[in-house]
Amino acid sequence: SVTWNAVLSGEADLGIGFNVPAMPGLRAVAGFDVPVGVVMPPGHRLAGLQAIEPMEVLREKLVICSPDTSLRAAINLILAPFAVPMEPILETSSIDLLKKLVARGAGLTLLNPLDVHAECARGELVFRPIVPAYRRHQQLKIFARARTTLESSTTLFLEFLLERLALIVQELQDGGQVPRPEESAG
């Protein structure tokens, strides 16, 4: 809410966030569906799999984001079909804390690949998508004030940001961390 308030008030020209609701005064300038997946330390028994069954996640110690987050809603949808209750050893709103705990072997978590892109590139963490039948997404939106034209410098930054996001998505697809569009459909 802090991000969209800054855009609505004119304090910021652009905002970026996950699962941003449609609201008067804002317009989406770009959007991406980003899959939620399992994050684990390298060498974990599930790290060699291409995609993870949710039941495997429920057999592990879990450190999970707080129930009041939009990410938790996606996680709950992934795990809802199973009769086994999710009993995390820790719930927090800090993505950084979740990543540190997973890297130290405290448990697994569920995040999106953008949350852990840098750590995966450094070999500190491993991200694996959920199998397609249970896959859920977070919608990443870049938004601006409605009824305003972006300044040329803001438009240049937006173009840079979209190019960088496209490169990251390509890297994630090449590494098998995010399915290509044709793989998601089938």
Side-chain angles (χ1 to χ4, degrees), residues 3 15-22 28-42 44-60 62-82 84 86 88 91-99 101-103 107-143 161-186:
T3 304
I16 186 168
F18 286 104
N19 304 317
V20 176
V29 293
F32 306 88
D33 283 335
V34 183
V36 174
V38 183
V39 179
M40 63 199 80
H44 188 277
R45 69 178 186 87
L46 300 176
L49 300 176
Q50 284 191 307
I52 308 296
E53 291 280 347
M55 194 63 200
E56 290 297 325
V57 174
L58 289 167
R59 291 184 177 119
E60 299 286 334
L62 296 174
V63 291
I64 297 289
C65 61
S66 301
D68 61 340
T69 63
S70 63
L71 175 58
R72 181 62 173 269
I75 292 168
N76 290 343
L77 287 172
I78 292 167
L79 301 177
F82 303 93
V84 178
M86 178 179 57
E91 295 175 319
T92 179
S93 60
S94 171
I95 300 295
D96 286 333
L97 179 58
L98 291 173
K99 293 187 294 187
L101 289 168
V102 170
L108 304 186
T109 196
L110 288 99
L111 297 171
N112 73 63
L114 297 177
D115 289 329
V116 293
H117 180 256
E119 292 84 359
C120 289
R122 291 190 302 262
E124 298 167 6
L125 294 173
V126 173
F127 175 91
R128 292 290 177 260
I130 298 292
V131 294
Y134 299 102
R135 193 170 290 150
R136 296 291 182 264
H137 295 84
Q138 287 186 285
Q139 187 178 50
L140 176 68
K141 279 188 187 174
I142 301 172
F143 52 92
L161 180 60
L162 294 175
E163 288 173 12
R164 184 65 187 129
L165 283 171
L167 287 172
I168 290 171
V169 168
Q170 183 66 50
E171 287 175 26
L172 294 169
Q173 288 172 340
D174 291 347
Q177 297 172 316
V178 173
R180 297 179 192 287
E182 62 273 9
E183 294 170 355
S184 295

Practice task
Starting from the C-alpha separation in whole Å, work towards a yes-or-no answer on side-chain contact (heavy atoms from CB on, under 4.5 Å) for Ile142 and Leu162.
Solution key: CA-CA 9 Å; Ile142 301 172; Leu162 294 175; 3.8 Å; yes

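- Within the 4.5 Å cutoff, no side-chain heavy atoms of Val57 are placed close to those of Met86.
- Remark: the backbone N or O of Gln139 is paired with a side-chain donor or acceptor of Asn19 at under 3.5 angstrom.
- Annotation: the span from Leu114 atom CG to Leu140 atom CG amounts to 6.5 Å, rounded to 0.5 Å.
- Residues Val126 and Ala47 share a closest heavy-atom pair of CG1-CB, 4.2 Å.
- Closest of all the heavy-atom pairs between Gly123 and Pro42 is O-CG, 3.1 Å.
- Ile130 has its side chain within reach of Leu110: a pair of non-hydrogen atoms, C-beta onward, lies under 4.5 Å apart.
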Exercise for the section: Verify salt bridge (charged side-chain N to carboxylate O under 4.0 Å, His left out) between Glu124 and Lys99, making sure each step is shown before the conclusion. Expected result: CA-CA 9 Å; Glu124 298 167 6; Lys99 293 187 294 187; over 6 Å; no

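- Residue Phe143 comes nearest to Ile16 through the heavy atom pair CE2-N, 3.7 Å, listed as atom of the first residue, atom of the second, then distance.
- Atom CG of Asp33 and atom NZ of Lys141 lie 10.5 Å apart (nearest 0.5 Å).
- Panel note: side chain Thr109, backbone Val63; a donor-acceptor pair is recorded below 3.5 Å.
- Note that CG of Leu79 is 7.5 Å distant from CG of Leu62, once rounded to the nearest 0.5 Å.
- Residues Asn112 and Phe18 have side chains in contact (heavy-atom distance under 4.5 Å, counting atoms from C-beta outward).
- In this structure, the side chain of Thr92 engages the main chain of Ser94 through a donor-acceptor pair within 3.5 Å.
- Using a 4.5 Å cut-off on side-chain heavy atoms (C-beta onward), Val39 and Pro113 make no contact.
- Under the 4.0 Å criterion applied to side-chain N and carboxylate O atoms, Arg59 and Glu53 are not assigned as salt-bridge partners.
- Taken to the nearest 0.5 Å, the CD atom of Glu91 stands 10.0 Å off from the CG atom of Leu98.
- With Thr69 contributing its side chain and Arg72 its backbone, the two residues share a donor-acceptor pair below 3.5 Å.
- What you find for Arg135 and Pro129 is that their closest heavy atoms are NH2-CB, 3.8 Å.
- The shortest distance between side-chain heavy atoms of Glu119 and Val102 does not fall below 4.5 Å.
- Among all heavy-atom pairs drawn from Ser66 and Ser93, the shortest one is OG-N, 3.0 Å.
- Counting heavy atoms from C-beta on, the side chains of Leu108 and Pro41 come closer than 4.5 Å.
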Handout entry: CA sep, side-chain torsions, deciding dist, call: Leu46, Arg128, side-chain contact (heavy atoms from CB on, under 4.5 Å)
Key = CA-CA 9 Å; Leu46 300 176; Arg128 292 290 177 260; over 6 Å; no

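- With rounding to the nearest 0.5 angstrom, the CE atom of Met40 is 8.5 Å from the CD atom of Glu60.
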